[in-house]
Amino acid sequence: MTPITMVEGRRIPLSNLDKVLYPETGFTKGEVLHYYATVAPSLLAHIHNRPVSFLRYPDGPDGQLFFTKNPPPGTPDWVRTTPVPRSEDLSAEQVVIADLASLMWAANLVVEFHTPQWPAGGPALADRLIIDLDPGAPATAVECCSVALWLRERLAADGLEAYAKTSGSKGMHLAVALEPTPSDRVSVYAKGLAQEAERALGDLALHRMAKALRPGKVFVDHSQNAAAKTTAAPYTLRARARPTVSAPVSWEEVAACRTPDDLVFLADDVPPRLERDGDLFAPLTDPDRAHRLPAPPGRRP
């Protein structure tokens with residue numbers, strides 16, 4: 001019999017709690033659910049009022065993985081959805097994870113949480129700028145940190161305050177809170193910033209995606225600022241060999257990084273970090289910390 005739990009007055013069936021999803025560490029589905037319940041206040045703060053896309057991995061990272069933007073079959077009627085028109089489906093909707101109950105319902109599906117850079121109701125208006133730093137072997141997170149520190153200073157010169165998190169995979173994400181800005185403007189600015197990084201750090205940074213150019217360099221991926229793109233949410237578990245988390249990090253940790261493992265955080269590492277440091281991404285949720293986007297690099301008077 002599938003156990004039923006009550007979460008904020010909602011009945012949620014929880015299945016296969018003993019199933020090992022991460023064979024390398026023995027991390028089970030029950031532990032996945034416990035992790036999400038523990039970090040819920042911080043995770044919900046960052047996905048609140050944003051349409052969520054799911055990367056589902058119900059049999060673990062070695063099983064079938066599939067990405068979905070549509071509400072999954074069987075979505076309860078109490079789970080909030082929001083219209084997100086797409087060219088192929090003008091009536092499309094996506095799930096909004098609005099509370100602990102909907103978070104635990106989604107976590108039971110075994111998913112990564114991905115969100116766009118804009119809130120529900122405004123796909124043309126971004127309130128985040130995202131830079132994804134993706135290392136090409138033999139480059140690692142260590143090289144990402146060098147690029148991240150340069151980008152932090154460059155963004156600061158434009159009056160923008162950047163915050164860093166691990167991707168939960170090989171790289172890093174930098175995020176900036178913006179006053180609502182058309183997504184196409186944010187994309188233009190981010191591309192100009194990536195091009196400037198390549199000029200300044202030519203032996204290290206790259207703004208083009210071409211695989212032939214990637215070995216030993218960090219791809220400064222500006223494309224996730226497009227309205228149609230999404231990024232792994234802060235505190236989401238990732239479908240990797242181990243239960244790694246896309247975890248916010250301090251700039252002191254970025255500067256001190258000497259090996260790739262220095263910035264690898266597993267599910268068990270994150271609650272103690274939150275207890276000790278609080279949510280390092282919390283300023284991104286403060287409207288008073290949002291910044292006006294300047295003109296793109298190279299297009300200023």
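Just the heavy atoms: all of them, side chains too, but no hydrogens, waters or symmetry mates, feed the values below.
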Test side-chain hydrogen bond (donor to acceptor under 3.5 Å, both in side chains) applied to Tyr35 and Asp268, step by step: CA-CA 8 Å; Tyr35 166 78; Asp268 289 342; over 6 Å; no
Transitive ILVMFWY side-chain link Met104 to Leu44, under 4.5 Å: yes
Ser15 and Lys29 side chains, donor-acceptor separation under 3.5 Å: yes
Qualifying residues under salt bridge (charged side-chain N to carboxylate O under 4.0 Å, His left out), relative to Arg86, sequence neighbours excluded: Glu88
Lys69 and Ser53: side chain donor to acceptor below 3.5 Å: no
Lys/Arg-Asp/Glu bridge criterion (N-O < 4.0 Å) met for Lys191, Glu196: no
Chi angles and distances behind the side-chain hydrogen bond (donor to acceptor under 3.5 Å, both in side chains) call for Tyr189, Asp158: CA-CA 11 Å; Tyr189 176 88; Asp158 275 351; 2.7 Å; yes
Donor-acceptor pair, side chain of Asn225 and main chain of Val186, under 3.5 angstrom: no
Whether Asn108 side chain and Pro13 backbone form a donor-acceptor pair below 3.5 Å: yes
Expected output: side-chain Asp277 to main-chain Leu274 donor-acceptor under 3.5 Å: no
Thr230 side chain vs His114 backbone, donor-acceptor pair below 3.5 Å: no
Non-neighbouring partners of Arg242 that pass salt bridge (charged side-chain N to carboxylate O under 4.0 Å, His left out), sequence neighbours left out: Glu24
Heavy-atom donor-acceptor pair, Glu112 side chain to Ala239 backbone, under 3.5 Å: yes
Side chain proximity check, Tyr235 to Pro248, heavy atoms < 4.5 angstrom: yes
Residues Asp221 and Ser223: side-chain donor-acceptor under 3.5 angstrom: yes
Sub-6.0 Å ring centroid separation between Phe219 and His207: no
For Arg56, salt bridge (charged side-chain N to carboxylate O under 4.0 Å, His left out) partners two or more places apart: none
Main-chain N/O of Arg258 paired with Asp262 side-chain donor or acceptor, under 3.5 Å: yes
Donor + acceptor pair across side chains of Gln224, Thr231 (<3.5 Å): yes
Short side-chain to backbone donor-acceptor contact, Arg238 and Ser167, under 3.5 Å: yes
Any donor-acceptor pair under 3.5 Å from Thr140 side chain to Pro260 backbone: no
Sidechain-backbone polar pair: Thr115 side chain, Pro51 backbone, donor-acceptor under 3.5 Å: no
Any residue meeting salt bridge (charged side-chain N to carboxylate O under 4.0 Å, His left out) with Arg10, in chain and number order, not counting sequence neighbours: none
Other residues, nucleotides, ligands: >12 heavy atoms within 6.0 Å of His291 NE2: yes
Flag for Ser187-Asp184: side-chain donor and acceptor within less than 3.5 Å: no
Ring center gap for Tyr36 and Phe113 short of 6.0 angstrom: yes
Non-hydrogen side-chain atoms of Leu263 and Glu253 separated by less than 4.5 Å: yes
Val111 and Leu55, any side-chain heavy atoms less than 4.5 Å apart: no
Between Asp62 and Tyr57: side-chain donor-acceptor atoms closer than 3.5 Å: no
Any residue meeting side chain to side chain donor-acceptor pair (under 3.5 Å) with Thr28, in chain and number order, not counting sequence neighbours: Glu31
Asp127 and Pro119, any side-chain heavy atoms less than 4.5 Å apart: yes
Neighbour count above 12 (heavy atom, 6.0 Å) for Arg292 CZ: no
Lys/Arg-Asp/Glu bridge criterion (N-O < 4.0 Å) met for Lys217, Asp203: no
Salt bridge Asp59-Lys19, side-chain N to carboxylate O under 4.0 Å: yes
Single-linkage hydrophobic cluster, 4.5 Å side-chain cutoff, Leu133 and Tyr163 together: no
Flag, side chain of Trp251 to backbone of Ala162, donor-acceptor distance under 3.5 Å: yes
Side-chain heavy atoms of Val32 within contact of Tyr22, under 4.5 Å: yes
Hydrophobic cluster of Leu266, others only, ordered by chain and residue number, side-chain cut-off 4.5 Å: Val264
